[in-house]
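Below is one structure, written out as C-alpha cells; the observations come after it.
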Amino acid sequence: MRKNLVSIALHNEVPLPLISFDAGALPPDAVAGSVRQALAAGYRAIGVRPSGESGAGEAIRDLPREDVFITLTLPGTGTADALASALRMLDTDRIDLVLLERPTAQAWRELTRAQAEGQVRALGVAGLTADGMRNFLDTIGLPAVHRLELHPREPRAELRALHSRHGIVTVAADPLGPGDLPAVLRGLAAKYGKSPAQLVLRWQLELGHAVVVGPGPRTLLAEQLGVFDFELADDDLAVIAELEGT
C-alpha cells in the first residue's frame with residue numbers, strides 16, 4: 001500500500017486506508033475509467049457496489065492485489081450470491097471490507113462464514129441510525145466499520161460516541177456535506193494554505209474518521225489526498241464544531 005495513504009487498524013488489525021475512492025454511485029460502464037482516474041491520482045483504496053465490480057476489476061488488473069484495498073457494499077439480502085459474483089467479476093479471491101446496508105442477521109451470518117473462509121477480511125455496516133446500531137450490536141454482532149453521512153453541519157455525535165465505546169471505526173461518506181461550504185471554512189482554509197475541501201477532510205481525520213470521496217477531476221482527486229501535512233489548531237476545531245445544525 002502506498003505510504004501516503006495512512007491507515008487505521010480495525011478491531012481485527014486489518015489496516016483500513018483513511019481516504020478511499022468510491023465508485024458505487026456510477027453506472028457500470030463508467031466505473032473502469034473512473035477507477036483508473038482515481039488510481040492515477042494516487043488512490044489505492046476503491047469502493048464498489050454490485051454491477052460495478054467488473055469495471056473495477058478491469059481497472060486494477062495490472063496492480064498487485066496487495067496494493068489495492070477493495071470495499072464492497074452489499075444489500076442485506078442475497079448476500080452470499082452477491083459476494084460470490086463480486087469475487088468472480090473482480091477476479092480476486094478476497095474482498096478487504098464488505099459493508100452491509102439494511103443488514104439482516106442472515107446476511108451477517110453468511111458474511112461471517114465467508115470471513116472465516118478467507119474470502120472477506122473485515123465486515124461492517126452502512127447507513128444505520130443510532131437506534132439501529134444499538135439494535136445491531138444487541139442482536140446480531142460487532143461491525144468493524146460503520147459508514148454513514150457525516151460532515152461539519154451534521155457531525156453525528158451520538159453515533160460517534162457509540163462507535164468509540166465499541167471500537168467501531170467511523171467512515172464518513174459525503175464528508176464535505178451538501179451545497180457550498182460555509183464561508184468560515186473557506187477562511188480557515190486560507191489560513192492553512194489549503195483548499196476548503198482539504199480543511200474539512202483534515203477535520204474528519206482529526207476526529208479519528210476514515211473518509212470516502214467520490215468521482216471528480218483527477219486534479220481534485222489528487223488534491224483530496226493532500227491532507228497529511230498539516231494539523232488543525234484546537235481553536236479552529238472549536239470553530240468548526242459550531243457549524244453543527246447550521
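Under 3.5 Å, the side chains of Q115 and Q119 contain no donor-acceptor pair of N or O atoms. Judged purely by distance below 3.5 Å, without hydrogens or angles, the side chains of T170 and R147 never pair a donor atom with an acceptor atom.
Sorted by first and then second residue, the salt bridge (Lys or Arg N to Asp or Glu O under 4.0 Å) pairs involving residues 231-246 (not counting sequence neighbours) are K191-D236. Within the structure, no pair that satisfies the salt bridge (Lys or Arg N to Asp or Glu O under 4.0 Å) test touches residues 169-181, not counting sequence neighbours.
Side-chain atoms of R49 never come within 3.5 Å of backbone atoms of L72 as a donor-acceptor pair (strictly under, hydrogens ignored). Using a distance-only test at 3.5 Å, with no hydrogens or angles considered, a donor-acceptor pair links the side chain of E53 to the main chain of S51. The backbone N or O of N135 lies less than 3.5 Å from a partner atom in the side chain of T139, making a donor-acceptor pair. In this structure a side-chain-to-backbone donor-acceptor pair under 3.5 Å is present from T112 to W108.
Annotation: ring pair (Phe, Tyr, Trp, His ring centres under 6.0 Å) contacts of H151 (sequence neighbours excluded): none. Residues passing the side-chain contact (heavy atoms from CB on, under 4.5 Å) test with R218 are Q37, A40, A41, sequence neighbours excluded. Annotation: side-chain contact (heavy atoms from CB on, under 4.5 Å) contacts of L207 (sequence neighbours excluded): R160, W203, H209.
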Verdict with supporting geometry, D96 and R65, salt bridge (charged side-chain N to carboxylate O under 4.0 Å, His left out): CA-CA 10 Å; D96 297 290; R65 177 61 185 87; 3.0 Å; yes
Show, in sequence, the C-alpha distance, side-chain angles and deciding distance for E149 and R156, and conclude whether the salt bridge (charged side-chain N to carboxylate O under 4.0 Å, His left out) test is met. CA-CA 9 Å; E149 180 182 347; R156 312 295 289 273; 5.6 Å; no
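The shortest non-hydrogen separation linking Y192 to A233 is OH-N, 2.9 Å. The nearest pair of heavy atoms linking L181 to P196 is CD1-CB, 3.5 Å. When all heavy atoms of L16 and V169 are compared, the pair lying nearest together is CD2-CG1, 4.0 Å.
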Could you go through residues 124-133 and list every donor-acceptor pair under 3.5 Å that involves a side-chain atom there, pairing it with any protein atom two or more places apart or in another chain?
unit_1	atom_1	unit_2	atom_2	d
T129	OG1	G132	N	2.9
D131	OD1	R134	NH2	2.7

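Residue L123 forms a side chain to side chain contact (heavy atoms under 4.5 Å, CB included) with just one option from L142, V145, L111, and that option is L111.
Between R202 and E206 a salt bridge is recorded (basic side-chain N to carboxylate O distance below 4.0 Å).
Note that CG of L243 is 5.0 Å distant from CG of L185, once rounded to the nearest 0.5 Å. Considering CG of D22 and OG of S20, their distance stands at 7.0 Å, rounded to 0.5 Å.
In this structure, P143 and L137 have side chains that are in contact, with non-hydrogen atoms separated by less than 4.5 Å.
Atom CG of D91 is surrounded by 12 or fewer heavy atoms from other residues, nucleotides or ligands within 6.0 Å.
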